[in-house]
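Please read the structure below before turning to the comments.
Throughout, a chain's letter reflects where its sequence line sits, starting with A, and its residues are numbered from 1.
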Protein chains: 2
Amino acid sequence: MSDAYYIHLTERLRELINDLDACEEGRLPAERTLAEHFRTTRVTLRQALAHLEGEGRIHRSNRRGWFVSPPPLDYDPTRDAGFNDYVKAQGRRPRTEVLLTDTRPHRPAAEALGLSTDQTFFHIRRRRFVDDRAVLSESLWVVPERAPGLLEGDYVSHSLWGQLRGRWGLTLAHRSLRLYSEALRAQEAEELGVAAGTAGLSVRRTIFDARRRPVEYDEEHWLHHALCITVDLENTS
Amino acid sequence: MSDAYYIHLTERLRELINDLDACEEGRLPAERTLAEHFRTTRVTLRQALAHLEGEGRIHRSNRRGWFVSPPPLDYDPTRDAGFNDYVKAQGRRPRTEVLLTDTRPHRPAAEALGLSTDQTFFHIRRRRFVDDRAVLSESLWVVPERAPGLLEGDYVSHSLWGQLRGRWGLTLAHRSLRLYSEALRAQEAEELGVAAGTAGLSVRRTIFDARRRPVEYDEEHWLHHALCITVDLENTS
DNA sequence: CAGTGGTCTAGACCACCCA
DNA sequence: GGGTGGTCTAGACCACTGT
C-alpha cells in the first residue's frame, strides 16, 4: 500500500531533513510538534521516523531526540590502519575512550583462537567516537605471550596493530572476519547512548601471526548505519 | 526501562519460538491471538515482535504472518564458489530464478568499472532462495567484451564466475567490495516478499582481471539476517 | 469470504534529560 | 520542573492472502 500516510510523511520529513542538514543544528523538532504540524498522531509520525531511521537518514539518542545522521564512515577491517588515521583521512574527528582493561580468561576468544578455555588474555574494552558521536563499542583480547607489557603501554593514542608490529615484531598474517547484522544488547546500547535493540553491525576478528600463533580476537559493535565496509583484494582467487 | 511490558513479552515469545522451532511448522499464531493470550494490545505485541525481528529470530512474509527464522547462511563474498555450492555445503537447499536479462548501458556499473557511461553491459537480474525462502535479489553487469555470448549460455545452473574462468580464461584478480546496511526499496522488497523498508544488507562488487581490464559489477540485496559474512585473509598486510 | 497483517486514531502516564 | 521520548490502551478500517 504505497499510499499509506506514513509513506507520504516519510517523504515530507525527508525534505525537512535535507533542509536541516544544511543548517548547523541537525536536530528534528519534537515528535508532538511534528505530529501536530502534519495533522497526525505520534504513532503514525513515529512510524515514518522509524522508516527513515532504517534508511540511516536519522538516528536517535536515547530520550534526547532525533538527529540528522552524518554520512557513513568507510572502513576496511582487513587493513590495520588505526581508527584515528582513517577517520581523519575522511575529514572526520576521531576520539577513543578506554572503558576498562583487565587480564582474565574469555571463552569465546579462547575458542576462536584455538586455545584452552583457561587461557588468560589482556582485555581492553573501549568506545570510539566520530565527530563526538559514539559509533563503536569494542572489546579486544590479546594473547599475553605475544605482547608482554601491552597494558602498560599507550595503547589508546597509538594504533594497537601498529604496536603489535612495531614493539613485538608481529606479522598479522592470518585473519578471519565475521560480519553480522545484529540488535545491540543492553550493555553496548547503553555505551553508545541508544536504546537496546537498536540495529547494529557486529564485526569479529581472529588474528594469527606468520607462524600461525594466535595473536588477538576482538568483537566490534557498530551503529549499523555509521559505516560502510569496504574490502579491496588482490589475486586471492 | 527494562521492566517495560514489551521486554517481558519478548522473552515469553522467545520461549514460544524455541518451542516452535522444534516443530515442523515454524509459524507464529496470529497477532490478535497472541495479544489476547498475553492480555495486551496488538500495538504492544507488535513492538515485541519487531524487537525479535531486529534480532533475526523471526521474520514476516508480507501480510502472511510471522515465521521462525532459520540460522543465517555463511557467505564469503571474496570467494567465487557458486551460490549453489556453498548453500549445499551448509546442508541447505539453493534455488535461483532469473528475473530478467538484457543488454544496455548502466551508469553505476560504468562508473564503478571506470568505463564511459554509454558502455553497454550484459545484465542479469535474479532472485535466490535458501530452503524456498527468497533471501537475495541481485543484478550483475558483465562487460560484453570479456564474455561474448554469455547470455546464450547456461549461466544459471553453473557458477557465473566458474564460466568466466573456464570459458573465457579470465582471472578475477582485483576485487573491490562494499557492504552497507540498508532499507530494502520497493522493488527488492517485493521480489523478496517483504515490506518495503525491511532491513537489508547491500553487497556491491567490482571486478577486474589480471590485466586490470574491467570484468563485472554487481549489486546484491540480502535480507539482513539471512547471512553471516565471513572473510579469510592470508598475508595481506 | 474469512482471517491475517498493515495502518491509524486520540488519548494517557511514566522515565529521563536539561536548564 | 517543564519538555522530551518511551510505553501503552482500546478500539477502528483497509488491503491482501488463502481457501
Given C:dC18, is OP1 or OP2 found less than 4.0 Å from the side-chain N or O atoms of A:Arg64? yes
Do NZ/NE/NH1/NH2 and the carboxylate oxygens of A:Arg14 and A:Glu11 come within less than 4.0 Å? yes
Taking OH from B:Tyr5 and P from C:dC14, how many angstroms apart are they, rounded to a whole number? 19 Å
Before accepting this row, confirm whether a basic side-chain N of the pair B:Glu220/B:Arg126 lies closer than 4.0 Å to the acidic partner's carboxylate O. no
Mark yes or no for a side-chain to base donor-acceptor pair under 3.5 Å between B:Arg63 and D:dG18, with no hydrogen or angle criteria applied. no
How is A:Arg60 classified with respect to the nucleic acid when contacts are heavy atoms under 4.0 Å: base, sugar-phosphate, or nothing? sugar-phosphate
Counting side-chain heavy atoms from C-beta on, which of D:dA10, C:dG6, C:dC8 comes nearest to B:Arg32? C:dG6
Quick one: on DNA chain C, does B:Ser61 or A:Arg39 contact a more 5' nucleotide (nearest heavy atom)? B:Ser61
Between C1' on C:dC8 and CD on A:Gln47, what's the gap in Å once rounded to a whole number? 8 Å
Tell me if the CD atom of A:Glu36 is crowded by more than 12 foreign heavy atoms within 6.0 Å. no
How many Å lie between CD1 on B:Ile7 and P on C:dA15, as a whole number? 15 Å
Looking at the side chain of B:Val43, which of C:dG5, D:dT9, D:dG5 is the nearest nucleotide? D:dT9
Starting at CZ of B:Arg42 and ending at C1' of D:dC13, how long is that distance when rounded to a whole Å? 11 Å
Proximal nucleotide (of D:dT7, C:dT9, D:dA12) relative to the A:Thr41 side chain: C:dT9
Counting only heavy atoms not in B:Glu190 (residues, nucleotides, ligands), do more than 12 fall under 6.0 Å from its CD? no
Could you tell me the separation between the CH2 atom of A:Trp66 and the P atom of D:dG6, rounded to a whole number of Å? 7 Å
When you get a sec, tell me which of C:dT9, D:dT7, C:dT7 is the closest nucleotide to the side chain of B:Arg46? C:dT7
Looking at C:dC8, D:dG5, C:dG5, which one has an atom nearest to any side-chain atom of A:Thr44? C:dC8
Under a 4.0 Å threshold between the charged nitrogen and the carboxylate oxygen, would A:Asp102 count as salt-bridged to A:Arg104? yes
OP1, OP2 of D:dT9 versus side-chain N and O of B:Thr40: anything below 4.0 Å? yes
For B:Leu49 and C:dG6, what is the distance between atoms CG and C1' respectively, to the nearest whole Å? 13 Å
Euclidean distance, atom CG of residue B:Leu45 to atom P of D:dT9 [Å, nearest integer]: 11 Å
Spacing between A:Leu9 atom CG and C:dT7 atom P, to the nearest angstrom: 13 Å
